[in-house]
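Below: one structure, written as structure tokens.
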Amino acid sequence: MSTRTFRITVRGSFGALTEAQRAELAAAAPQHDMLHATFTAEGHLTYDADLTARPFFAFRFLDSGEAEEDILDATARAELAAESWLAERGYAFKGLKSQAQDLSLAPLSKRQRKAAARAEN
């Protein structure tokens, strides 16, 4: 059986942040910029530097499993990891929603189809 790769995105919004928490997040904003978003096993956090106007965040996780059903466990692990990260730092949050994708079921891009055709010949 082959290993399946899952991409999980956990979205939400920060709750009532203190001024110190806002300043802390604003100082770290460049490393959490959307332009540097990536899916990682530990989860990569992105958010806008202007938390007053846009208090939303997204964690991107990369996980794997053997069967299609494993995506449910991977999603639960991602949600728990996001909640833990936020709670450890004392950040209030609300409205967590998750979206998961099994990359083995994703359609191939034009470049991938061409590479697969070359490999067959």
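Hydrogens, waters and symmetry mates are skipped; everything else that's a heavy atom, side chains included, is used.
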(message) Checking Arg22 against Thr52 for the side chain to side chain contact (heavy atoms under 4.5 Å, CB included) test, could you report, in this order, the C-alpha distance in whole Å, the side-chain angles of both residues, the deciding distance, and whether it holds?
(response) CA-CA 9 Å; Arg22 264 186 221 290; Thr52 305; 4.1 Å; yes
(request) Start with the C-alpha gap between Asp70 and Arg4, add the side-chain angles, then the distance that decides, and say whether salt bridge (Lys or Arg N to Asp or Glu O under 4.0 Å) holds. (result) CA-CA 9 Å; Asp70 293 341; Arg4 294 169 176 261; over 6 Å; no
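The shortest heavy-atom contact between Ser64 and Arg77 is O-NH2, 4.1 Å. For Ala67 against Phe6, the heavy-atom pair with the smallest separation is O-CZ, 3.7 Å. Taking both residues in full, the closest heavy atoms of Ala16 and Ala92 are given as N-CB, 4.0 Å, listed atom of the first, atom of the second, then distance. The two residues Ile8 and Ala78 have their closest heavy-atom pair at CG2-CB, 3.6 Å. Contact between Gly43 and Thr40 at its shortest, heavy atoms only, is N-OG1, 2.9 Å.
Put simply, the side chain of Glu66 reaches to within 4.5 Å of the side chain of Thr3, judged on heavy atoms. Contact of the Arg11 side chain with the Leu96 side chain is not registered, since no non-hydrogen atoms from C-beta on lie closer than 4.5 Å. Taking the side chain as every heavy atom from C-beta outward, Phe57 and Phe93 approach each other to under 4.5 Å.
Between Phe39 atom CZ and Asp63 atom CG the span is 12.5 Å, to the nearest 0.5 Å. Here CG of Leu80 is found 15.0 Å from CH2 of Trp85. Values are rounded to the nearest 0.5 Å. With values rounded to the nearest 0.5 angstrom, Phe56 atom CZ is found 10.0 Å from Asp48 atom CG. Rounding to the nearest 0.5 angstrom, the gap separating the OG1 atom in Thr75 from the CZ atom in Phe61 is 10.5 Å. Atom NE2 in His32 sits 7.0 Å away from atom NE2 in His44 (nearest 0.5 Å). Atom OG1 of Thr46 and atom CZ of Phe59 lie 9.0 Å apart (nearest 0.5 Å).
Linking ILVMFWY side-chain heavy atoms closer than 4.5 Å, directly or via other members, places Leu86 and Leu51 in a single hydrophobic cluster. Grouping the Ile, Leu, Val, Met, Phe, Trp and Tyr side chains by contacts below 4.5 angstrom, directly or via other members, places Leu17 with Leu45.
More than 12 heavy atoms of other shown residues, nucleotides or ligands fall within 6.0 angstrom of atom CZ in Arg89.
Under a 3.5 Å cut-off, the side chain of Tyr47 and the backbone N or O of Leu25 do form a donor-acceptor pair.
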